[in-house]
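Reviewing the structure listed below.
Computed from heavy atoms alone, side chains included, the values below leave out hydrogens, waters and symmetry copies.
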Amino acid sequence: MNNSQDWNPGTYSRFRDLRLRPAMDLLAQVPPLPEGHVVDLGCGNGAVGEALKQRFGRRLVGVDNSANMLAEAAKTGVYDVLSEHDITDWQAEAPALIFSNAALHWLPDHKTLFPRLASLLPTGGVLAVQMPRQFAAPSHMLLRQTAQALFPDRFNYTDYTPPVAPPAMLSALLDPMGVLNMWETNYFQKLEAGKGHPVRRFTGSTAARPILAELDPQEQARFFAAYDEALLEPYPLAADGSCVFPFLRQFMVLTVGN
């Protein structure tokens, strides 16, 4: 993602606690580390930085391609280095841990990406990753369907392929590189009432961004009105306007072997 589509830290942070819980679940499964620094890859606004610093007490490097997010991460005061860089060609000198929470699903070609990241680690180093696997759920399918129905000249998802590699593919790629621990968790999140459908408010700061980047403000309003309406069937509202939103996430922890 380029800087013309930079992230809005305030909008993203609206659901900070819901987004932070998977990171803590991933962190809990990271084994003891060898010597070396820790990298928060796709660090965003630094939400996980303090937990990483407290857990390991190591030199902490944050990497992200969003200047807005890095400015917020700097305010935490826990990072020793913050680097504005695209993960696709990012390099590092033998970190003990590469920790990436909800970032790598934005990048293509996982068949190449994950082995490359693992190759940057020393023996005993750890690659710990969490990514959404929500792309076949109504919340994300309706984003694509609504965009294509309203603006067929700009959106065509006929040959859409989910951006996260299937677990079997990642396992085949990474098993030979060390000890791999993989799992999925479906989080049943209660989203409170607000302007628009609660699920729209959640996806609007993340999954909807590539669509919104192609629309002017009036078109965005049309899009959200149609998306809000479509969300009511799969995610009915309670009397207070809230809803329960299941959200599937995939985890992997690779400890690199000899």
Within a strict 4.5 Å, meaning less than it, do heavy atoms of the [X] and [Y] side chains meet?
X: Pro198; Y: Glu192; answer: no
X: Leu60; Y: Val78; answer: yes
X: Leu41; Y: Phe99; answer: no
X: Phe151; Y: Ile211; answer: no
X: Phe155; Y: Leu150; answer: no
X: Val39; Y: Trp90; answer: yes
X: Val61; Y: Pro95; answer: no

Could you give the distance from [atom1] ([X]) to [atom2] ([Y]), rounded to the nearest 0.5 Å?
X: Arg201; Y: Leu191; atom1: CZ; atom2: CG; answer: 8.5 Å
X: Leu97; Y: Leu52; atom1: CG; atom2: CG; answer: 7.0 Å
X: Thr112; Y: Leu173; atom1: OG1; atom2: CG; answer: 8.5 Å
X: Trp106; Y: Ile87; atom1: CH2; atom2: CD1; answer: 12.0 Å
X: Leu121; Y: Thr255; atom1: CG; atom2: OG1; answer: 9.5 Å
X: Thr206; Y: Phe202; atom1: OG1; atom2: CZ; answer: 6.0 Å

Worksheet item: What class does the angle between the rings of His105 and Phe135 fall in, given that below 30° is parallel, 30 to 60° is tilted and above 60° is perpendicular?
Response: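 Ring orientation, 0 to 90° scale: tilted.
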
Over all atoms of both residues, closest heavy-atom pair of [X] and [Y]:
X: Leu143; Y: Ala208; result: CD2-CB, 3.8 Å
X: Tyr235; Y: Ser139; result: OH-N, 3.0 Å
X: Ala102; Y: Pro132; result: CA-CD, 4.3 Å
X: Ala207; Y: His140; result: CB-NE2, 3.5 Å
X: Gly44; Y: Ala73; result: O-CB, 3.6 Å

If two hydrophobic side chains count as joined below 4.5 Å and joins carry through other members, does [X] share a cluster with [Y]?
X: Leu33; Y: Val179; result: no
X: Met169; Y: Val164; result: yes
X: Tyr157; Y: Leu142; result: yes
X: Leu248; Y: Phe245; result: no
X: Leu174; Y: Leu107; result: yes

Those residues that, when tested against [X], pass salt bridge (charged side-chain N to carboxylate O under 4.0 Å, His left out) (two or more places apart):
X: Arg144; result: none
X: Lys75; result: Glu72
X: Arg133; result: Glu184

Worksheet item: Can you name the ring pair (Phe, Tyr, Trp, His ring centres under 6.0 Å) partners of Phe114, sequence neighbours left out?
Response: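 Phe114 satisfies ring pair (Phe, Tyr, Trp, His ring centres under 6.0 Å) with His110 only.
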
Discussion item. For Thr185 and Phe247: C-alpha separation, side-chain torsions, deciding distance, then whether side-chain contact (heavy atoms from CB on, under 4.5 Å) applies.
Written reply: CA-CA 8 Å; Thr185 300; Phe247 198 102; over 6 Å; no

Item to complete: Provide the full list of side chain to side chain donor-acceptor pair (under 3.5 Å) pairs with a residue in residues 53-63, sequence neighbours left out, each pair given once.
Response: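 Sorted pair list: Glu50-Gln54, Lys53-Asp80.
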
Item to complete: Can you run down the side chain to side chain donor-acceptor pair (under 3.5 Å) pairs that involve residues 24-38, sequence neighbours left out, and say none if there aren't any?
Response: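 Pairs touching residues 24-38 that pass the test: Asp25-Tyr187.
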
Side-chain donor-acceptor pairs of residues 124-131 under 3.5 Å, sequence neighbours excluded:
unit_1: Gln130; atom_1: OE1; unit_2: Arg249; atom_2: NH1; d: 3.0
unit_1: Gln130; atom_1: NE2; unit_2: Asn101; atom_2: OD1; d: 2.6

Practice prompt. List, by chain and then residue number, the residues other than Phe188 in its hydrophobic cluster (Ile/Leu/Val/Met/Phe/Trp/Tyr, side-chain heavy atoms under 4.5 Å); write none if there are no others.
Written response: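 The other cluster members (ILVMFWY side chains, heavy atoms under 4.5 Å, direct or chained) are Val244.
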
Item to complete: Supply the members, apart from Leu232, of the Ile/Leu/Val/Met/Phe/Trp/Tyr cluster built from side-chain contacts under 4.5 Å; use none for a lone residue.
Response: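 When side chains under 4.5 Å apart are linked, the cluster holding Leu232 also contains Leu237.
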
With [X], which residues qualify under side-chain contact (heavy atoms from CB on, under 4.5 Å), at least two apart?
X: Met182; result: Pro167, Leu170, Ser171, Leu180, Gln250, Met252
X: Asp240; result: Lys190, Ala238, Ser242
X: Ala225; result: none

Worksheet item: Would Glu219 and Arg154 satisfy side-chain contact (heavy atoms from CB on, under 4.5 Å), going step by step from the backbone distance to the final call?
Response: CA-CA 12 Å; Glu219 291 170 333; Arg154 274 169 279 180; 2.8 Å; yes

Item to complete: Could you tell me whether the side chain of Asp86 and the main chain of Asp89 form a donor-acceptor pair under 3.5 Å?
Response: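 It does not hold such a pair.
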
Worksheet item: Are the side chain of Asp228 and the backbone N or O of His197 linked by a donor-acceptor pair below 3.5 Å?
Response: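 Such a contact is found between Asp228 side chain and His197 backbone.
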
Fill in: Cys43/Leu70 under side-chain contact (heavy atoms from CB on, under 4.5 Å): CA gap, chis, key distance, verdict
CA-CA 8 Å; Cys43 64; Leu70 287 171; 3.7 Å; yes

Discussion item. Show, in sequence, the C-alpha distance, side-chain angles and deciding distance for Leu231 and Cys243, and conclude whether the side-chain contact (heavy atoms from CB on, under 4.5 Å) test is met.
Written reply: CA-CA 11 Å; Leu231 288 169; Cys243 77; over 6 Å; no

Worksheet item: Does the side chain of Ser66 come under 3.5 Å of the side chain of Asp64 through a donor N or O and an acceptor N or O?
Response: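 No pair is found: no donor N or O on one side chain lies under 3.5 Å from an acceptor on the other.
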
Discussion item. Take a 6.0 Å sphere around CG of Asp159 and say whether it holds more than 12 heavy atoms from other residues, nucleotides or ligands.
Written reply: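 Incorrect, the count does not exceed 12.
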
